[in-house]
Amino acid sequence: MKHDVWIAIAALTVICFAIKAAGPWRWAAATCRAGPIS
Amino acid sequence: MPLVIPTALIGASFGVAAVTTGWGTLAPIVMSAIVFSGAAQFAVLAVLTAGGSVVTAIVAATLIASRFLAIGVALGPSMRGGTVRRALEGQAVVDASLILARTGEAQYGVRRLLGATLPQFVGWQIGTIAGVLGGSRIPDPEKLGLDALFPAFFLALVWGELGNRGARVTAAVATLIAVVLIPIAPPGIPVVAASLAVLAGRAAQR
């Protein structure tokens with residue numbers, strides 16, 4: 001259990017950082033214009 | 001500041017649940033400090049506690065965290081600077097901060113975002129540590145009704161965006177997709193699937 005927990009922590013550290021970092025990039029804003037709803 | 005106490009209590013419930021299911025004292029605290037995503041953390045906890053594999057836990061948490069991509073895209077036009085600055089400021093994206101950072105239709109203040117997230121981050125850490133160390137002496141947020149606060153914030157966020165027909169159709173279809181899928185789909189899927197409602201909203205605007 002503890003081994004799996006640390007694997008999950010390591011993976012999600014990278015994944016969550018990447019997801020949060022990618023959203024505000026200019027290419028994303030340009031692709032979606034003014035956001036997901038507007 | 002009103003979010004700090006419920007955030008701390010939910011963080012405490014995570015700490016209590018993690019330590020009682022055999023995570024030890026360090027792992028929950030480290031996870032809250034560097035992952036800082038309550039829904040994703042609870043997803044990992046739920047999957048591993050139920051006997052699921054670590055891959056399943058990571059996939060479920062990733063699906064849940066993927067909503068931050070859509071939130072980040074919405075925030076992008078309000079941000080300044082290059083890729084590195086945007087990537088770092090994007091780390092401040094958490095659910096409740098989005099509504100507090102809203103300054104107008106599809107407009108957000110980055111300083112507001114940072115100012116809203118920082119107290120929640122501190123509250124989440126204090127709550128997790130208290131839960132790990134305090135155990136069952138921490139009150140259950142659900143019994144206090146504090147778990148309703150975050151859905152209320154989401155509702156307030158959507159309410160401010162319903163200014164045109166396309167947005168209203170998007171919200172209605174997204175709600176329908178989520179309500180249908182929540183009882184039958186794994187955690188995370190309903191949130192991502194509901195994003196497809198944007199297509200219906202686009203069609204309605206034409």
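Throughout, a chain's letter reflects where its sequence line sits, starting with A, and its residues are numbered from 1. Side-chain atoms are counted along with the backbone in the values below, which use heavy atoms only and exclude waters and symmetry mates. Here the structure is a predicted model, which is why all the values come from computation and not from measurement.
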Please find the pair of heavy atoms, one from [X] and one from [Y], that lie closest to each other, and give the distance.
X	Y	answer
A/Trp25	B/Arg86	C-NH1, 4.2 Å
B/Val35	A/Ile9	CG2-O, 4.1 Å
A/Pro24	B/Gly90	CG-CA, 3.9 Å

Where on A/Ile19 is there a heavy atom nearer than 4.5 Å to chain B: the side chain, the backbone, both, or neither? both
From the list B/Met79, B/Glu89, B/Gln91, the residue making the most non-hydrogen contacts under 4.5 Å with chain A is B/Gln91
At a 4.5 Å cut-off on heavy atoms, which part of B/Ala27 comes close to chain A: side chain, backbone, both, or neither? both
Would you please test A/Leu12 and B/Met31 for side-chain contact (heavy atoms from CB on, under 4.5 Å) and show each step? CA-CA 9 Å; A/Leu12 289 174; B/Met31 191 176 205; 3.9 Å; yes
Please answer whether the main-chain N or O of B/Phe68 pairs with a side-chain N or O of A/Lys20 as donor and acceptor at a distance below 3.5 Å. no
Is B/Ile58 close to A/Ile7 at the side-chain level, that is, under 4.5 Å between some pair of heavy atoms? yes
Between atom CG of A/Asp4 and atom CG of B/Leu48, what is the distance when rounded to the nearest 0.5 Å? 6.0 Å
